[in-house]
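Nothing here was measured: the structure is a model prediction, and the numbers come from that model. Numbers restart at 1 for each chain; the letters A, B, ... are given by sequence-line order, proteins then strands.
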Amino acid sequence: MSETKALESMIGEEYKYGFTTDVEYEDFPSGINEDIVRLISEKKNEPEWMTEFRLKAYRAWTEMEEPSWFNATYEKPKFDKLQYYSAPKNKPKLNSLDEVDPKIRETYEKLGIPLEEQKMLAGVAVDAVFDSVSIFTTFKEKLAEAGVIFCSISEAIQDHPELVKKYMGSVVPARDNFYAALNSAVFSDGSFCYVPKDTICPMELSTYFRINNMNSGQFERTLIIAEENSHVSYLEGCTAPMYDENQLHAAVVELIAMDNAEIKYSTIQNWYSGNEDGKGGIFNFVTKRGACRGDNSKISWTQLETGSAVTLKYPSVILQGDNSVGEFYSVAVTNKRQQADTGTKMIHLGKNTKSTIISKGISAGKSDNSYRGEVKISKKADNARNYSQCDSMLIGQTCGAHTFPYIESANPTGKVEHEATTSRVGEDQIFYLQQRGLSEDDAISLIVNGFCKEVLKELPMEFAVEANKLLGIKLEGSVG
Amino acid sequence: MLEIKNLHVEVEGEGTEILKGVNLTINKGEIHAIMGPNGSGKSTLAKIVAGHPEYEVTKGDIIYNGESILELDPDERSHAGLFLAFQYPVEVPGVTNNTLLRESYNTIAASRGREELDPLEFDDYIREKLELVDMKADFLERSVNTGFSGGEKKRNEIFQMAVLEPALALLDETDSGLDIDALRIVADGINKLHHEENSVVLITHYQRLLNYIIPDHVHVMIGGKVVKSGGKELALELEEKGYDWLESLATVNGEAK
Ligand SMILES: Nc1ncnc2c1ncn2[C@@H]1O[C@H](COP(=O)(O)OP(=O)(O)OP(=O)(O)O)[C@@H](O)[C@H]1O
Ligand SMILES: [Mg+2]
């Protein structure tokens with residue numbers, strides 16, 4: 001048996017979340033124009049300023065070009081065919097779990113989402129976004145006791161308009177880029193979190209995103225604000241059913257950390273990645289950015305990206321406050337014909353600001369995996385420091401790995417270190433571990449886990465196990 | 001225990017023959033030494049017995065405990081009690097020695113219907129084994145062979161052997177790169193691990209090792225064949241005369257076939 005060939009067939013297990021849920025959807029016209037944008041806003045009963053925000057974004061979007069500077073090729077989404085709003089008919093305004101449509105609850109159970117009350121013991125609060133509407137937010141009360149607001153963005157617009165109005169678009173302006181503009185115009189729901197001064201959020205916050213409806217794009221909007229001296233850790237997970245058509249996911253996430261505040265944002269992304277021939281799968285075009293507004297503040301992005309047909313995603317940190325810290329820990333796995341172009345931007349504005357980038361790219365099959373990172377040190381950012389480490393691991397002979405670091409420093413006291421390595425999972429490594437009794441799959445899984453260790457240990461405890469499993473599944477049978 | 005019959009081996013897909021009819025029988029409880037010049041096929045023999053996918057058996061057979069193992073994957077051979085200490089141990093960054101060994105130990109245990117050890121039990125077990133090769137406990141938490149010195153890698157191989165307790169251990173130049181003290185420690189360890197139920201094959205260039213571990217049989221490989229076998233005195237003879245006087249045997253036999 002040739003192991004090289006075996007390695008090349010490193011194709012992940014059948015996608016396990018590829019089922020659809022049969023629920024009734026509210027009718028909504030497809031395509032996009034000002035009327036549609038107004039209709040979305042109206043459906044959601046939004047105040048005038050919100051409608052205006054959307055319309056302005058829409059107008060900006062119509063004047064923008066779809067970007068194409070990244071290392072990926074795909075058929076552009078047909079924006080006039082998409083459905084920009086999709087909500088299960090059984091419109092939720094729920095008081096207890098029992099009121100959730102049983103079919104949807106079943107879906108969540110299949111996904112193994114900790115929606116159940118018992119999970120409170122595990123300290124997980126869940127906001128579940130099914131297609132576009134937030135179904136139910138558990139543990140709201142416990143959080144409310146601590147003064148933490150955790151709800152859907154739609155609710156926040158109704159109940160905390162002053163906060164939303166103040167912060168939404170303050171980190172990712174509507175005009176920021178093509179997909180951010182589109183999201184700003186049509187976003188349907190998402191999560192909102194506000195942690196007041198001197199508060200440690202008493203539990204991990206978690207959102208599960210799921211795209212169910214075939215033609216719907218998913219445009220969530222997440223906004224997290226950590227006031228002075230506060231701390232919050234947030235995890236998002238994503239899955240979608242298998243369809244032959246590509247589905248668009250264009251989210252915007254904004255994080256704001258004030259003095260001494262810390263936000264840790266973790267993602268496990270496992271959207272459907274398409275079949276062997278690259279048919280179907282999610283386009284994951286996401287704008288995620290955090291602002292360390294306050295001194296000594298800290299924002300950490302940790303991501304485990306295993307799914308989607310195409311991923312374009314650069315979670316970034318703007319280090320405004322002095323001594324603020326930005327971190328980016330990433331594992332991106334691509335297999336079959338997946339394409340990922342992902343990385344980060346660290347913009348140093350304050351003094352003594354520090355950023356760390358650890359990126360691990362694993363490519364298998366016929367996939368393409370690119371790291372793209374930018375470190376910018378502005379004139380005023382005295383003693384700014386960055387450390388970047390970008391490692392790529394190749395499995396088989398037909399995949400690609402690329403690293404595109406951009407460094408720009410306008411301050412001579414700045415220090416930037418960049419290291420990059422590329423390695424191949426070798427026949428000899430696998431043979432060595434097999435000689436020690438491990439199966440081929442376990443050998444690969446162990447090698448990959450070892451390779452990603454520095455990043456995986458950044459994930460919240462209860463998700464680390466899940467992450468390990470996901471990596472194993474993703475690369476299972478890769479060697480046949 | 002192990003019977004290698006007229007074994008012909010090529011590099012997979014290349015057609016270059018490396019082993020050209022090896023015959024070798026190893027009985028339970030025996031220690032064998034294989035010597036021979038560089039490139040004569042010693043490591044290839046060890047690797048093919050362990051099931052390395054890079055090589056292909058074109059003729060002959062490998063019988064282990066009465067059955068051909070040619071169709072078995074490397075992990076299945078490992079479960080059956082085969083162990084190879086590598087001439088060039090492989091680095092596995094990010095995976096600690098401890099993690100690998102626990103997974104190895106438990107996988108092998110499970111395959112033989114033995115009880116697996118939980119992390120605490122395993123820790124007790126593994127610490128005893130550390131002593132056997134006089135290794136410091138911090139090696140447990142270091143990534144497998146990563147950044148190890150040449151000698152440390154070799155010692156780590158024997159440590160793994162101690163943990164896995166194989167029925168047949170093939171030790172490929174474990175003595176190369178060990179300092180004088182380490183050589184004695186490792187040799188002592190191997191002697192302690194050896195008993196009448198298991199067998200050891202030592203591949204070595206140096207008769208010095210055989211002062212510590214006394215072989216029952218010594219074989220000389222040249223040009224992909226075992227050209228001469230004898231008792232431990234053969235090693236001394238080789239030390240004195242080199243391999244030249246045996247080269248002719250390799251060709252004569254080659255032509256005779
Ligand atoms: N994968 C391979 N491709 C091509 N040639 C190979 C391959 N593996 C082994 N060889 C060749 O086969 C021959 C035997 O190699 P092997 O490593 O078995 O020798 P050895 O007896 O262990 O030598 P040493 O004493 O130097 O360790 C060598 O000439 C080597 O170059
Ligand atoms: Mg050798």
task = Using non-hydrogen atoms and a 4.5 Å limit, figure out which bit of Asp428(A) sits close to chain B: side chain, backbone, both or neither.
result = both
key: Part of Tyr432(A) lying under 4.5 Å from any heavy atom of chain B   = both
ask   = Can Asp175(B) and His205(B) be counted as having a side-chain donor-acceptor contact under 3.5 angstrom?
value = no
query = Given that the side chain runs from C-beta out, which part of Ile108(B) has a heavy atom under 4.5 Å from chain A: side chain, backbone, both or neither?
reply = side chain
query = Given that the side chain runs from C-beta out, which part of Glu76(B) has a heavy atom under 4.5 Å from chain A: side chain, backbone, both or neither?
reply = neither
request  = Tell me, for Tyr88(B) versus chain A, whether the close heavy atoms (under 4.5 Å) come from the side chain, the backbone, both or neither.
outcome  = neither
ask   = Are side-chain N/O atoms of Glu327(A) and Ser300(A) paired as donor and acceptor at under 3.5 Å?
value = yes
query = Got a donor-acceptor contact below 3.5 angstrom from the Lys360(A) side chain to the Val448(A) backbone?
reply = no
request  = Check each atom of Ser111(B) against the heavy atoms of chain A and say whether the ones under 4.5 Å are side chain, backbone, both or neither.
outcome  = neither
remark   = Taken in chain and number order and not counting sequence neighbours, the residues that satisfy side chain to side chain contact (heavy atoms under 4.5 Å, CB included) with Glu67(B) are none
query = Between the main-chain N or O of Arg436(A) and the side-chain N or O of Ser104(B), is there a donor-acceptor pair closer than 3.5 Å?
reply = yes
inquiry  = Looking only at heavy atoms and a cut-off of under 4.5 Å, which of Arg77(B), Lys47(B), His79(B), His52(B) has the most pairs with chain A?
reply    = His52(B)
message = Using ring centroids (six-membered ring only for Trp), state whether Phe404(A) and Tyr371(A) fall under 6.0 Å.
response = no
